[in-house]
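Have a look at the structure below, then the notes.
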Number of protein chains: 2
Amino acid sequence: MSVKADPASGNLVDRMARDIQAGVFAPGMWLKQIDLETRYEAKRMEVRRALDQLALKRLVRHVPNRGYHVHTPDNRQAEEVREVRLILETAAAGSVVANATAADIAALRALAQRFADLILEGTLLDLYEANIAFHAKLLALGSNRELINIVWELRGRGPSAPVTQWKTRARIEQSNREHFHMVEAIAAGDADALRRLTADHILQTEERQPTQRDDGA
Amino acid sequence: MSVKADPASGNLVDRMARDIQAGVFAPGMWLKQIDLETRYEAKRMEVRRALDQLALKRLVRHVPNRGYHVHTPDNRQAEEVREVRLILETAAAGSVVANATAADIAALRALAQRFADLILEGTLLDLYEANIAFHAKLLALGSNRELINIVWELRGRGPSAPVTQWKTRARIEQSNREHFHMVEAIAAGDADALRRLTADHILQTEERQPTQRDDGA
DNA sequence: GGTATAGAAATTGGCGCCAAAATTGGTTAC
DNA sequence: GTAACCAATTTTGGCGCCAATTTCTATACC
């Protein structure tokens, strides 16, 4: 965001957010301030401030006099978040295609390749990180920064643990293929194809036949 | 949000947010903690917490060791926020039309009427509040609660002071007419018309001829 | 043996004080 | 007369302690 506002506190919020996302803290788990203090080697006040920020981001939930616990996303909410992401990310597809330079496309392809490589050799957490990196780069191509921020924040609200995201290996490999298809759609300047692929990717619908992506919607 | 989490702090954040929105604190103005303490009759800690929350909402900006100042929205950002609102609010139009009961429509019409009445008799702040109320009711008809929350938060980020929102009386009256047109579109079950009206309303483009709203897009 | 109750341990959250940093105002030197 | 420097006041922000509340545990009673 800003140049370097709140280096300590900001980093703590980010670290905690990542840990929640990565499933280090299970959904519903109570976060005791003392444990967080020792785990992150932070002062009590920093922990409290970070927890407040995370509560505002809906990543944790605050119960007065009981503490903070990891937010358990219910199905309805998760579905609604997906829907908003669908709306925004498909809306951004146009500018993504328009802004992508050859260098961007190459970088994207490299990131997609890294994800592909990690399917065999990496842990689930590695995959998770690689996926984040790919989508961060992809999203960053959009021209509307506010939209990017919102989508990025929204991504943090979905089903948290990486495990729940890709239940089967088949799903992982489908995601992987979709990454490459998205890159190709961008390379081809085909915004419509990117929109359709993005929708499928978010909803994790069954795979379409890739060669049919140029007929009607 | 929650049932009644943080009654004091939450209210303080809301009150401060309203005051910033209403232009009590001018954009760029430094918010001294002592002043806020006395103004809101709050403890130092509550003020600090509220300022942090507002900083996360991008309503104020934090400069370490200097304090907090009201965020000055630049044009690019405002434009981008408008664009995102356009995307989301038009996307919500369908479910708004689908969910609206006769009672909802009556309530909306009443709120639109209140706005209309206040054009002559009310202050600019009254108008501002009435406008908020109308759009709150309208937005609440959407079925995606996450979308509603995001749009509502986004509304808080636009050009803050009510004065900047409606520069001329003609603009106010156009907004007023658009309110009624939106209600009629909902009553007629015409989602497309609502979408178009919403877009115009957000972008504050020149008025279309209302009788043409049933021909093609 | 199970349950209820009372006491103990632990955890949260509020409050005030004090140090570090910045702004303001005054003074001095050029 | 202007500019720079220094001191005094103001303001921010960090830290630790203590009270209020909750949870755990052990004991007694049914």
Side-chain angles (χ1 to χ4, degrees), chain A residues 1-20 24-72 160, chain B residues 1-20 24-72 160:
Chain A
M1 304 294 163
S2 62
V3 190
K4 53 173 183 173
D6 298 304
S9 167
N11 281 342
L12 183 55
V13 172
D14 287 345
R15 278 199 291 163
M16 287 180 62
R18 256 202 305 277
D19 284 344
I20 290 172
V24 177
F25 304 117
M29 178 178 177
W30 286 95
L31 300 173
K32 290 182 196 155
Q33 296 182 2
I34 295 186
D35 295 342
L36 301 175
E37 246 177 294
T38 57
R39 174 177 237 276
Y40 297 104
E41 293 177 355
K43 309 290 180 192
R44 168 68 67 100
M45 228 188 61
E46 293 178 293
V47 169
R48 247 198 274 180
R49 187 173 293 200
L51 283 170
D52 268 343
Q53 313 249 319
L54 291 172
L56 210 66
K57 281 186 173 183
R58 315 281 193 80
L59 271 169
V60 304
R61 205 153 177 70
H62 176 58
V63 182
N65 286 339
R66 297 268 319 266
Y68 300 80
H69 64 89
V70 180
H71 181 236
T72 309
S160 37
Chain B
M1 307 289 168
S2 60
V3 190
K4 54 174 183 173
D6 297 303
S9 167
N11 281 341
L12 183 56
V13 172
D14 287 347
R15 278 199 291 163
M16 286 179 63
R18 255 201 306 276
D19 283 344
I20 291 172
V24 177
F25 303 116
M29 177 179 178
W30 286 95
L31 300 173
K32 289 181 196 160
Q33 296 182 2
I34 295 184
D35 295 342
L36 302 175
E37 245 177 295
T38 56
R39 173 177 239 274
Y40 297 104
E41 293 176 357
K43 310 288 179 192
R44 168 67 67 99
M45 228 187 60
E46 295 178 291
V47 169
R48 243 197 274 180
R49 187 174 294 199
L51 284 170
D52 268 343
Q53 312 249 319
L54 291 172
L56 209 66
K57 281 187 174 183
R58 316 282 193 80
L59 270 168
V60 304
R61 204 151 177 71
H62 177 57
V63 182
N65 287 343
R66 295 268 319 265
Y68 300 80
H69 63 88
V70 180
H71 181 238
T72 309
S160 38

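The basis for the numbers below is simple: all heavy atoms, side chains too, and nothing from hydrogens, waters or symmetry mates. Lettering follows sequence order; numbering is per chain, from 1.
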For this session: Find the distance between CE (A/Met45) and CZ (B/Arg48) and round it off to the nearest 0.5 Å.
Result: 5.5 Å
For this session: Drop me the distance from B/Met29's CE to B/His69's NE2, to the nearest 0.5 angstrom.
Result: 13.0 Å
Exercise. To the nearest angstrom, how far is A/Glu37 atom CD from D/dG16 atom P?
Worked result: 10 Å
For this session: Mind checking the CG-NZ spacing from B/Leu12 to B/Lys43? Nearest 0.5 Å is all I need.
Result: 12.5 Å
Exercise. Any idea which of C/dA22, D/dT23, C/dC15 is nearest the A/Arg66 side chain?
Worked result: D/dT23
Exercise. Atom CD of B/Gln33 to atom C1' of C/dA22: distance rounded to whole Å?
Worked result: 14 Å
Exercise. Rounding to a whole Å, what distance do you find between B/Leu36:CG and D/dG13:C1'?
Worked result: 15 Å
Problem set entry | Spacing between A/Arg44 atom CZ and C/dG14 atom P, to the nearest angstrom | 12 Å
Problem set entry | A/Leu31 CG - C/dG13 P separation (whole Å) | 12 Å
Exercise. Rounded to whole angstrom units, what separation is found between the CD1 atom of A/Ile34 and the C1' atom of C/dG13?
Worked result: 13 Å
Problem set entry | For atom CZ of A/Arg48 and atom P of D/dC15, their distance in whole Å | 12 Å
Problem set entry | Heavy-atom closest pair, residues B/Leu56 and A/Gln53 | CD1-OE1, 3.2 Å
For this session: Return the value, rounded to whole Å, for the distance between atom CG of A/Leu51 and atom P of C/dT11.
Result: 15 Å
Seminar exercise, completed: Quick note, A/Lys32 side chain, CB onward, closest among D/dC15, C/dT11, D/dT22 is C/dT11
Exercise. Below 4.0 angstrom from OP1 or OP2 of D/dT12, is there any side-chain N or O of B/His62?
Worked result: no
